[in-house]
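In what follows, a single structure is set out as structure tokens and then discussed.
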Amino acid sequence: MRALITGVNGFVGNHLAKYLQSQGIEVFGTTSQINGTDDVSNLNIYMNDLTSELSIIKLLNEIQPDHIYHLAGQSKVKESWDFKVATINTNVNLTLNLLEAARKSSIFDKVRILTVGSSEEYGRVNDMTLPIDENVSLKPTNPYGISKATISYFAKQYFDAYGLKVVHARPFNHIGPGQKQGFVVTDFSSQIVKLEKESGDKIIRVGNLEAQRDFTDVRDIVRAYYKLLMTASRSFGDVYNVCSGLPITINSILHKLLSFSDQNIEVVIDPSKLRPIDIPLYIGNNQKIKELTGWKQEFSLDTTLSDVLDYIRKQ
Ligand code: GDD
């Protein structure tokens with residue numbers, strides 16, 4: 001079996017490539033950047049920024065993947081406020097190029113495609129609808145959420161209109177070793193590790209600690225993606241949350257991370273890390289994916305956080 005991962009050099013792409021290889025799958029990947037495939041070997045990497053439909057058609061005809069995992073995109077919520085046009089271009093237009101190319105390629109009939117959205121598609125939800133299931137209406141509150149919601153509409157449209165076998169995943173917050181800065185666990189962990197190595201004032205600068213999020217280890221997330229594409233046709237044209245179902249405050253993430261360090265660190269709120277709108281509480285309902293695929297989480301939050309700190313310490 002062959003799989004193509006777009007954005008294979010990214011955080012999730014790296015973990016997914018390793019996981020698929022462990023399942024005996026031959027993995028191909030696209031990237032727009034040369035660097036970054038960390039410790040994944042035997043990868044067939046193609047430079048393709050997904051801006052040309054024709055070049056994607058050529059690539060698909062050549063590789064003949066059974067699965068496509070579309071991970072390429074702009075994934076930072078805060079950055080989407082500063083780069084609105086780039087966020088829409090990268091997330092929406094590249095997905096459209098890929099779907100259109102798949103429709104016109106020689107693998108149209110057999111290929112299964114996973115598009116990746118976000119809990120940010122739901123936006124401001126009513127307390128009555130918590131935990132959020134896939135039927136809750138989409139009211140995104142930031143440009144990133146709008147871009148991902150648009151992808152979900154296109155995924156469904158390509159299945160309804162053309163029969164393209166697309167499944168849309170809606171992951172909630174995912175964390176783990178190798179995540180870039182700009183996400184809360186890495187932002188906190190990299191400051192803690194820096195303070196462990198330096199003398200002087202021990203101050204960590206943080207943003208909103210009151211928000212509650214639903215965290216899952218990236219190594220569990222990539223197994224969920226694989227299971228979604230492996231599961232029979234019932235999933236096509238449909239949407240699946242990928243989440244833990246447990247609310248965790250950002251404050252408790254901070255204090256767990258601090259407890260894994262021997263440093264005495266003072267916490268300071270940095271206003272530049274606050275966002276124009278920050279949804280106070282996201283908790284997902286994961287019944288649908290569990291019922292379809294039997295997926296469940298294997299990594300505890302403590303294991304994930306300590307793995308992230310160790311990964312950064314070794315950098
Ligand atoms: N990044 C960051 N850095 N966030 C902080 C910080 C900080 O120093 N301090 C507090 N926060 C708060 C944010 O305000 C937010 O409420 C929460 O921590 C989580 O922030 P992020 O890790 O940046 O994640 P996100 O929830 O905005 O978005 C992530 O999850 C989405 C799924 O729910 C990203 O991974 C998205 O790509 C993903 O779709």
Side-chain angles (χ1 to χ4, degrees), residues 7 10-13 15 70-83 87 90-91 115-125 131-132 136 138 140-152 168-176 178-192 194 203-218 221 224-225 239-258 265 267-286 301 304-305 308:
F11 164 55
V12 183
H15 283 280
H70 179 42
L71 304 182
Q74 196 296 92
S75 57
K76 292 178 183 159
V77 175
K78 186 159 193 307
E79 213 167 280
S80 78
W81 286 105
D82 300 327
F83 303 101
T87 298
T90 307
N91 291 353
T115 52
V116 177
S118 166
S119 54
E120 290 288 342
E121 293 173 47
Y122 294 114
R124 199 174 291 287
V125 291
I132 306 166
V136 168
L138 306 185
T141 54
N142 53 58
Y144 172 80
I146 292 175
S147 75
K148 291 293 190 177
T150 308
I151 292 173
S152 78
H168 186 71
R170 264 189 206 136
F172 285 55
N173 294 59
H174 37 302
I175 53 175
Q179 192 167 31
K180 308 275 180 300
Q181 298 226 5
F183 302 95
V184 67
V185 172
T186 320
D187 285 355
F188 291 174
S189 302
S190 48
Q191 288 187 72
I192 292 170
K194 194 160 178 269
I203 295 174
I204 183 167
R205 295 181 195 285
V206 302
N208 176 14
L209 296 181
E210 306 306 319
Q212 296 181 60
R213 292 286 182 274
D214 178 326
F215 290 94
T216 304
D217 190 294
V218 65
I221 293 272
Y225 290 172
V239 175
Y240 291 84
N241 285 344
V242 187
C243 55
S244 69
L246 297 171
I248 309 282
T249 63
I250 303 304
N251 193 37
S252 69
I253 292 278
L254 173 64
H255 284 93
K256 265 181 194 289
L257 287 168
L258 289 173
I265 296 173
V267 176
V268 169
I269 305 286
D270 177 346
S272 73
K273 292 177 185 280
L274 302 174
R275 301 171 182 189
I277 301 173
D278 203 6
I279 297 292
L281 171 61
Y282 270 124
I283 327 169
N285 180 325
N286 57 20
L301 183 60
T304 308
L305 295 179
V308 172

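For ligands, and for the atoms within them, numbers begin at 1 and follow the listed sequence. These numbers come from the heavy atoms of this one structure, side chains and all, not from hydrogens, waters or symmetry mates.
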* **Modelled atom types, side-chain donor and acceptor of Q74 and S147, under 3.5 Å** => no
* Heteroatom distance test (V184, ligand 1): nitrogen or oxygen, under 3.5 angstrom -> yes
* **Any N or O of R213 closer than 3.5 Å to N or O of ligand 1** => yes
Checking the side chain of [X] only, and the main-chain atoms of [Y] only, is there a donor and an acceptor separated by less than 3.5 Å?
{"X": "N286", "Y": "C243", "result": "yes"}
{"X": "N251", "Y": "E210", "result": "no"}
{"X": "E79", "Y": "Y144", "result": "no"}
{"X": "E121", "Y": "S118", "result": "yes"}

* Asked: Is there a side-chain contact between F172 and T216 (heavy atoms, below 4.5 Å)?
  -> no
* Asked: Given side chains that start at C-beta, do those of V184 and F215 come closer than 4.5 Å, heavy atoms only?
  -> yes
Nearest-contact summary for [atom] - protein heavy atom, Å:
{"atom": "atom 14 (O) of ligand 1", "result": "D278 OD2, 2.6 Å"}
{"atom": "atom 3 (N) of ligand 1", "result": "D187 OD2, 2.8 Å"}
{"atom": "atom 24 (O) of ligand 1", "result": "N173 ND2, 3.3 Å"}
{"atom": "atom 1 (N) of ligand 1", "result": "G182 O, 3.0 Å"}
{"atom": "atom 37 (O) of ligand 1", "result": "S75 O, 2.7 Å"}
{"atom": "atom 10 (C) of ligand 1", "result": "N208 O, 3.2 Å"}
{"atom": "atom 27 (O) of ligand 1", "result": "R275 NH1, 2.5 Å"}
{"atom": "atom 34 (C) of ligand 1", "result": "F183 CE2, 3.7 Å"}

As a check for students: among [options], identify the option with a heavy atom nearest to [atom].
{"atom": "atom 9 (N) of ligand 1", "options": "G207, S118, S272", "answer": "G207"}
{"atom": "atom 17 (C) of ligand 1", "options": "I250, I277, V185, T186", "answer": "I250"}
{"atom": "atom 38 (C) of ligand 1", "options": "F11, Y144, Y122", "answer": "Y144"}

* Structure fact -> OG1 of T186 to CD1 of I175, rounded to nearest 0.5 Å, is 8.5 Å
* Structure fact -> dist L209:CG -> I253:CD1 (nearest 0.5 Å) comes out at 11.0 Å
* Where A169 and V242 come nearest, the two heavy atoms and their spacing -> CB-CG2, 4.3 Å
* **Side-chain ion pair, E120 and K148, N-O less than 4.0 Å** => no
* Structure fact -> Going by the 4.0 angstrom heavy-atom rule, the piece of A211 near ligand 1 is side chain
* Contact between F172 and ligand 1, counting heavy atoms under 4.0 Å? -> yes
Out of all atoms in ligand 1, which are within 4.0 Å of some heavy atom of [X]? Include the element for each.
{"X": "P171", "answer": "32 (C)"}
{"X": "K273", "answer": "8 (O)"}
{"X": "S119", "answer": "32 (C), 33 (O)"}

